[in-house]
Trainee: 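First, the structure itself, so that you have it in front of you.
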Amino acid sequence: MIKTLHKAVVESVKELYNTTITAEEISIQKTKKEFEGDFTLVVFPFTKLSKKKPELTAEELSNKLKEKTNIIASTQIIKGFLNLTFHDEVWIDFLKSESKNHSYASTEIDKNQQPVLIEFSSPNTNKPLHLGHVRNNLLGDSISRILSANGTHIYRINLVNDRGIHICKSMLAWQKKAQNETPESSGLKGDKLVGEYYVAFDKLYKKEIEELIAKGITKEEAEKQAPILLQAQNMLRKWENGDEEIYNLWQKMNQWVYQGFDETYKKMGISFDKTYYESETYLLGKEVVLEGLSNNIFYQAEDGSVRVNLENEGLDEKVLLRSDGTSVYMTQDLGTAVLRAEEYNPVQMIYVVGNEQNYHFEALKLILTKKLNYKFAENIFHLSYGMVELPSGKMKSREGTVVDADDLMTEIIEMAKQKTQELGKNDFTEEELQLLAEKIGLGALKYFILKVDPKKNMLFNPDESIDLNGNTGPFIQYTHARICSLIRKAKTIEIVDYKGVNLLQLEKEILLSLYSYPETIKQAAKELNPSVIANFIYDLVKNYNRFYQEIPILKETDTTLRSLRLDLSIFTAYVIRHGMSLLGIDVPEKM
RNA sequence: GGUUCCGUAGCUCAGCUGGAUAGAGCAACUGCCUUCUAAGCAGUAGGUCAUGCGUUCGAAUCGCAUCGGAAUCACCA
């Protein structure tokens with residue numbers, strides 16, 4: 001319909017004003033609720049061509065469009081706005097042809113096309129996942145789903161940061177304090193256990209700094225000289241030199257963490273096509289750096305560290321290898337980028353990483369493109385998302401203000417369970433109730449996070465927790481469940497041809513919304529923005545709920561009307577389910 | 001200090017490729033369950049779109065300046 005309209009406008013302008021315009025120059029939008037019409041053509045831009053008043057221009061275009069197409073039933077002109085109303089028949093044809101189409105808004109993926117790589121999650125193995133990771137994981141997962149739905153061939157990549165000084169810190173603290181404590185002996189989840197020793201290291205470190213300061217050493221010096229830090233640095237060198245004892249300890253502790261992570265990912269419903277481990281790729285990064293050094297692209301500073309100068313690009317000097325030869329963060333990101341480009345030959349590499357690392361990714365891209373001349377790196381895209389803040393400010397693991405991912409999920413599922421019981425929904429078995437509560441709780445959490453624009457910082461208030469009413473996941477799930485209930489009851493009802501019926505305003509609004517769904521997916525894919533989908537579904541569901549409340553569906557005695565409304569409901573349920581699946585949210589058939 | 005991002009109702013957020021009277025949810029108040037699931041629906045109230053100047057037929061949206069906030073500028077990741 002919209003395409004037909006665009007084409008007709010182009011032709012009309014050509015005939016009336018002898019000017020060729022492109023479809024992009026035409027502004028057609030949904031008509032605002034206060035006015036009569038389905039779509040609105042903004043005619044202000046054409047007044048320059050017509051050299052006539054907006055109303056007159058609209059009038060001329062209106063007549064021409066009606067001549068050229070057979071879909072327009074009526075038009076209404078208000079100032080420079082031309083409101084177009086389509087024949088009901090057009091909408092009914094749309095409903096009839098698409099309402100049972102199980103591939104509506106789905107695009108086939110061509111596995112032969114060059115893939116898009118999307119890296120997300122990328123945890124460190126020294127502490128458990130928290131709310132910040134949750135946003136990262138949900139964004140990465142949802143964007144993967146949206147791109148797939150839009151026909152893009154993608155690979156989900158996880159890059160586990162399993163080595164480095166931070167890992168050595170937990171290892172060292174464990175050696176000193178743990179007395180061989182294990183997940184089994186402590187009953188703690190593996191990632192939680194290791195996380196505790198990371199915190200323990202920090203305590204010891206702070207204590208040593210204080211002691212040094214008391215001896216008259218400056219704070220700055222103390223931070224560099226604290227024995228435990230030197231030991232950690234020494235441990236990292238040993239690790240990089242393949243020291244057997246250190247290596248075994250490292251493997252053991254990482255294994256604990258992976259088991260913990262797997263549990264969390266599983267609960268969250270997140271998976272990857274490929275997991276890289278920094279321990280397996282950091283050497284490649286070193287090679288890249290050393291090669292750049294021998295080609296004089298990088299240089300060795302007096303202290304022995306290898307650096308790159310990005311001052312001409314508006315940045316500073318960056319260290320690529322420490323003076324003791326060990327790798328930094330940049331080293332491994334250079335390595336894995338090159339590796340991935342070789343392995344997948346991607347058209348694009350998306351990194352889902354918080355906006356606190358904007359500088360890092362700018363530098364990474366510059367080094368790869370400007371310094372090392374890698375063509376593929378032009379298509380590196382840092383999907384920079386905002387921080388999740390608490391009312392008290394930023395989360396700090398060392399201050400114990402982090403919101404743990406597992407705890408958060410457990411709590412909200414428990415809340416959903418309570419709420420279900422409160423509402424007196426008793427016809428579930430204990431097992432069904434648990435499954436339902438998981439769907440609702442996780443739905444609430446995922447929707448809460450995904451409905452906000454990724455690039456904006458967002459606030460999470462643990463005291464108020466997450467709503468289950470209003471603009472929330474459960475609200476949408478509930479609407480879906482009600483439609484499913486209708487469909488169940490309608491099993492025996494005969495569907496008759498409803499061609500020729502007159503549509504109610506509410507019905508048409510829902511159809512307009514359903515019609516715009518494929519375009520919404522395209523937009524979300526283009527912007528890499530799940531909130532576009534979330535807001536769309538909310539809008540659809542609000543319209544549907546009003547319809548459901550005000551208009552009889554199964555109770556309607558006119559069989560043509562009843563059939564139409566049932567089809568409309570079935571179609572709406574499909575789009576809700578489809579849209580929510582793009583957010584990684586399950587919708588129950590009963591709740 | 002340099003760079004980047006942000007500022008919309010009491011709170012959390014939509015709207016931002018310029019378009020009509022700036023929208024939701026929460027919280028507050030008022031109605032609606034013998035009728036398809038009330039996790040719902042309808043309504044009341046709540047705004048100098050941080051401020052100023054500019055661009056134009058038209059600015060929350062674009063530009064400049066100011067104020068306020070955040071991130072970053074590590075041999076951390």
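These numbers come from a predicted model, not from an experiment. Residue numbers start from 1 in every chain, and the chains themselves are labelled A, B, ... in the order their sequence lines are given, proteins ahead of strands.
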Trainee: Looking at every strand, decide which applies to A/Lys318 at a 4.0 Å heavy-atom threshold: base, sugar-phosphate, or nothing.
Mentor: nothing

Trainee: May I ask whether A/Phe81 stacks on the base of B/G19, given the cut-offs of 5.5 Å between ring centres and 30° between planes?
Mentor: no

Trainee: Return yes if the base of B/A39 and the side-chain atoms of A/Thr420 contain a donor-acceptor N/O pair under 3.5 Å, otherwise no.
Mentor: yes

Trainee: If you find the nucleotide of RNA chain B closest to A/Asp316 and the one closest to A/Pro45, which residue's nucleotide is nearer the 5' end?
Mentor: A/Pro45

Trainee: For nucleotides B/G63 and B/G69, find the distance between their C1' atoms and express it as a whole number of Å.
Mentor: 22 Å

Trainee: Have a look at A/Lys555 and say if it touches a base, only the backbone sugar-phosphate, or nothing, with a 4.0 Å heavy-atom cut-off.
Mentor: base

Trainee: Is the centre of the A/Phe475 ring less than 6.0 Å from the centre of the A/Tyr538 ring?
Mentor: yes

Trainee: Applying the side chain to side chain contact (heavy atoms under 4.5 Å, CB included) criterion to A/Val289, which one of A/Val306, A/Val308, A/Ile367 satisfies it?
Mentor: A/Val306

Trainee: For A/Leu229 versus A/Glu223, what's the shortest heavy-atom pair and its separation?
Mentor: CD2-O, 3.2 Å

Trainee: Give one of base, sugar-phosphate or nothing for A/Thr40, where a contact means two heavy atoms less than 4.0 Å apart.
Mentor: base

Trainee: At less than 3.5 Å, do the side-chain atoms of A/Asn545 and the base atoms of B/A38 form a donor-acceptor pair?
Mentor: no

Trainee: Whole Å only: how far is the CG atom of A/Leu315 from the P atom of B/C73?
Mentor: 12 Å

Trainee: For A/Tyr548, answer base if it contacts any base atom (sugar-phosphate contacts may also be present), sugar-phosphate if it contacts only those atoms, and nothing otherwise; contact means non-hydrogen atoms under 4.0 Å.
Mentor: base

Trainee: Determine whether the aromatic ring of A/Phe475 stacks with the base of B/A39, defined as ring centroids separated by less than 5.5 Å and ring planes inclined by less than 30°.
Mentor: no

Trainee: Check every strand shown and say whether A/Met458 touches a base, only sugar-phosphate, or nothing at a heavy-atom separation below 4.0 Å.
Mentor: sugar-phosphate

Trainee: Remember a base hit wins even if backbone is also touched, and classify A/Val328 as base, sugar-phosphate or nothing at under 4.0 Å, heavy atoms.
Mentor: sugar-phosphate

Trainee: Please classify the nucleic acid contact of A/Ile553 as base, sugar-phosphate, or nothing, using heavy-atom distances under 4.0 Å.
Mentor: base

Trainee: Mind checking if A/Ile440 touches a base, just sugar-phosphate, or nothing, with heavy atoms under 4.0 Å?
Mentor: base

